[in-house]
2 protein chains.
Amino acid sequence: MSKYTEFFKALSDEKRLKVFLLLLNEQKGFYVCEIADAISETHYNTSKYLKELRLAGFIKEKKLGRGVLYSAVEPEDDFLKNMFEAMRSIRHDYIDENIKIIRKRVKLRVDDKCIMNISKFNQNNLKKNQQEVRNGRKIRKMERA
Amino acid sequence: MSKYTEFFKALSDEKRLKVFLLLLNEQKGFYVCEIADAISETHYNTSKYLKELRLAGFIKEKKLGRGVLYSAVEPEDDFLKNMFEAMRSIRHDYIDENIKIIRKRVKLRVDDKCIMNISKFNQNNLKKNQQEVRNGRKIRKMERA
DNA sequence: TGCTCATATGCGTATATTAGCATATATTTA
DNA sequence: TAAATATATGCTAATATACGCATATGAGCA
């Protein structure tokens, strides 16, 4: 398969396309579990989507602790550059809802790291919870020292 | 499926992509049998590809006699416009060979109509053959009058 | 009217893709 | 060291896609 058909194929699936559009509008990148939440998909399928997008040359990964931060690549050739640019003309209402979700999701990070099992948090005492996680770690660290 | 994924899906196949690229560089359009030859595909599969591209909003058809002339649409929205433009940055060597073939093939038209079973022509007496077809028709027409 | 030509399409099968599950890996925390 | 966490992957069944063939359609031509 040529690199061109590979390109189009990677984007021919609703969820893969959305994953890429999320990353296209993002500088720092997102964690797998954040993306999974934003597109309402399981972590393992999301992981597979990300792998396909990476192999097709759209995105890159950066391992941080036990998490992996994904972000769009800097397009090197004309084709990719022009395609990325053209994709920015996809109507906002196609992806807006997913962006909203992931923005919320990013705020749930504890010390810049993403928490996977977000269902155990409840929306009301979320900030308290984040603080507790942080405090708990700090105390345990001090106790060890 | 959204119109976006439909777009990418239509181009995710080598031959469909080539069919569209042929038409993207062409004003007047090509006949089905010409395209079939240019991509080395059967007429029925080529016809199916053209149908998919048409349903995805890339190309339009125009019936002329018993032939059908296909050509790229004038892109109406920003997405399509930018995408078509981006696709022009696909390297020439990807499609050059096919363009050569179709250019040759177009020259074989008799009175602007495409001849499907081109194998019955041989390259040496081709022009003679075209002239014969034209003369034969002219004579029969005169005889009827 | 029947025949040929250019194109289209329905159908059955071959092939590819996908999703879900179980499990693996790697890293951090207890 | 063991347990938990975030992510990845191999396997299998379900589903989708593509191809070849036979045949249909519809417009000229004999």
Side-chain angles (χ1 to χ4, degrees), chain A residues 1 5-6 9-10 12-16 29-37 39-55 61-70 105 108-120 133-134 136-141 143-144, chain B residues 1 5-6 9-10 12-16 29-37 39-55 61-70 105 108-120 133-134 136-141 143-144:
Chain A
M1 200 164 53
T5 44
E6 214 172 296
K9 189 152 207 283
S12 70
D13 173 88
E14 211 72 67
K15 299 217 162 157
R16 279 195 305 259
F30 294 126
Y31 288 96
V32 178
C33 62
E34 294 167 338
I35 297 168
D37 265 17
I39 63 169
S40 308
E41 186 49 82
T42 59
H43 66 100
Y44 49 84
N45 281 335
T46 306
S47 179
K48 284 174 190 171
Y49 297 154
L50 288 163
K51 187 184 184 179
E52 289 175 82
L53 290 172
R54 186 168 54 77
L55 293 178
E61 61 178 24
K62 185 178 178 185
K63 298 191 186 201
L64 284 179
R66 60 190 155 197
V68 181
L69 204 61
Y70 280 93
R105 192 62 169 75
L108 307 188
R109 287 181 189 173
V110 175
D111 290 333
D112 263 348
K113 281 171 193 154
C114 129
I115 301 301
M116 194 175 185
N117 250 328
I118 215 66
S119 56
K120 72 183 175 188
V133 170
R134 257 190 295 264
R137 285 185 190 165
K138 197 175 283 184
I139 289 165
R140 274 177 248 114
K141 201 172 189 176
E143 284 173 344
R144 251 174 289 139
Chain B
M1 203 164 52
T5 44
E6 217 171 294
K9 190 152 207 280
S12 70
D13 173 89
E14 211 73 67
K15 299 217 162 156
R16 280 197 304 260
F30 295 125
Y31 288 96
V32 179
C33 61
E34 294 167 339
I35 298 168
D37 266 16
I39 63 167
S40 307
E41 187 48 83
T42 60
H43 65 99
Y44 47 84
N45 281 335
T46 306
S47 179
K48 284 173 190 172
Y49 296 155
L50 287 163
K51 185 182 185 182
E52 288 175 83
L53 290 171
R54 186 168 54 77
L55 293 179
E61 62 178 24
K62 186 179 177 185
K63 298 191 185 200
L64 284 179
R66 57 190 157 194
V68 181
L69 203 62
Y70 281 93
R105 193 63 169 73
L108 307 187
R109 287 181 190 174
V110 175
D111 290 332
D112 264 348
K113 280 169 192 158
C114 129
I115 302 298
M116 195 177 183
N117 250 330
I118 215 65
S119 54
K120 72 182 175 190
V133 171
R134 256 191 296 263
R137 285 186 190 164
K138 199 175 282 183
I139 289 165
R140 275 178 246 113
K141 203 172 190 177
E143 284 172 347
R144 253 174 287 139

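Worth knowing before you read on, the calculation uses all heavy atoms, side chains too, and leaves out hydrogens, waters and symmetry mates. Lettering of chains follows the sequences in order, A, B, ..., and the numbering in each one begins at 1. Because the structure is predicted, anything quoted here is derived from the model rather than measured.
A/R105 has its CZ atom 11 Å from the C1' atom of D/dA6, to the nearest Å. In this structure, the CG atom of A/L64 is 13 Å from the C1' atom of C/dT28, given to the nearest Å. Across the protein-nucleic acid pair, A/D13 atom CG and C/dA16 atom P stand 19 Å apart, rounded to whole Å. In this structure, the CE atom of B/M1 is 15 Å from the P atom of C/dT17, given to the nearest Å. What separates CD of B/E14 from C1' of C/dA16 is a distance of 16 Å, to the nearest Å. Atom P of nucleotide C/dT17 and atom CG of A/L55 are separated by 14 Å, given to the nearest angstrom. Atom C1' of nucleotide D/dG10 and atom NZ of A/K51 are separated by 10 Å, given to the nearest angstrom. Following rounding to the nearest Å, A/I35 (CD1) and D/dT7 (C1') show an atom-to-atom distance of 12 Å.
Two residues are said to be in side-chain contact when any heavy atoms from C-beta on lie closer than 4.5 Å; B/E52 and B/L55 fail this criterion. No side-chain heavy atom of A/E6 sits less than 4.5 Å from a side-chain heavy atom of A/K9.
Taking every heavy atom of both residues into account, A/S40 and A/K15 meet most closely at O-NZ, 3.3 Å. In terms of heavy atoms, B/V32 sits closest to B/T46 at O-CG2, 3.9 Å.
Taking 4.0 angstrom as the limit, B/N45 places a side-chain polar atom (N or O) nearer than this to OP1 or OP2 of D/dG20. Within the 4.0 Å cut-off from OP1 or OP2 of C/dT7, not a single side-chain nitrogen or oxygen of B/Y70 is found. Distances shorter than 4.0 Å separate some side-chain N or O of A/S47 from OP1 or OP2 on D/dA8. For A/Y31, no side-chain nitrogen or oxygen approaches OP1 or OP2 of D/dT5 to under 4.0 Å.
Ion pair A/R109/A/E34 flagged as a salt bridge, since at least one NZ, NE, NH1 or NH2 atom sits closer than 4.0 Å to an Asp/Glu carboxylate oxygen.
In this structure a side-chain-to-backbone donor-acceptor pair under 3.5 Å is missing from B/R16 to B/Y49.
For a distance-only test at 3.5 Å, the side chain of A/R66 qualifies as a donor-acceptor partner of the base of C/dT28.
Closest approach to the A/E52 side chain among C/dT7, D/dC19, C/dT18 is made by C/dT18 (side chain taken as heavy atoms from C-beta onward). Of the candidates D/dA8, C/dT18, D/dA22, the closest approach to any side-chain atom of B/Y44 belongs to D/dA22. Of all nucleotides listed (D/dT17, C/dG20, C/dT28), D/dT17 comes nearest to the side chain of B/K9. Of the candidate nucleotides C/dA6, C/dT9, C/dG20, C/dT9 has the atom lying nearest to any side-chain atom of B/K48. Comparing D/dA6, D/dA8, C/dT7 by their nearest atom to the side chain of A/E61 picks out D/dA8.
In terms of position along DNA chain C, the nucleotide closest to A/R16 lies nearer the 5' end than the nucleotide closest to the other residue of the pair A/R16 and A/H43. Judged by closest nucleotide on DNA chain C, B/L69 is the one of B/L69 and A/K15 placed further toward the 5' end.
Among the protein residues, A/K63 comes within range of no part of the nucleic acid, since none of its heavy atoms lies under 4.0 Å from any strand.
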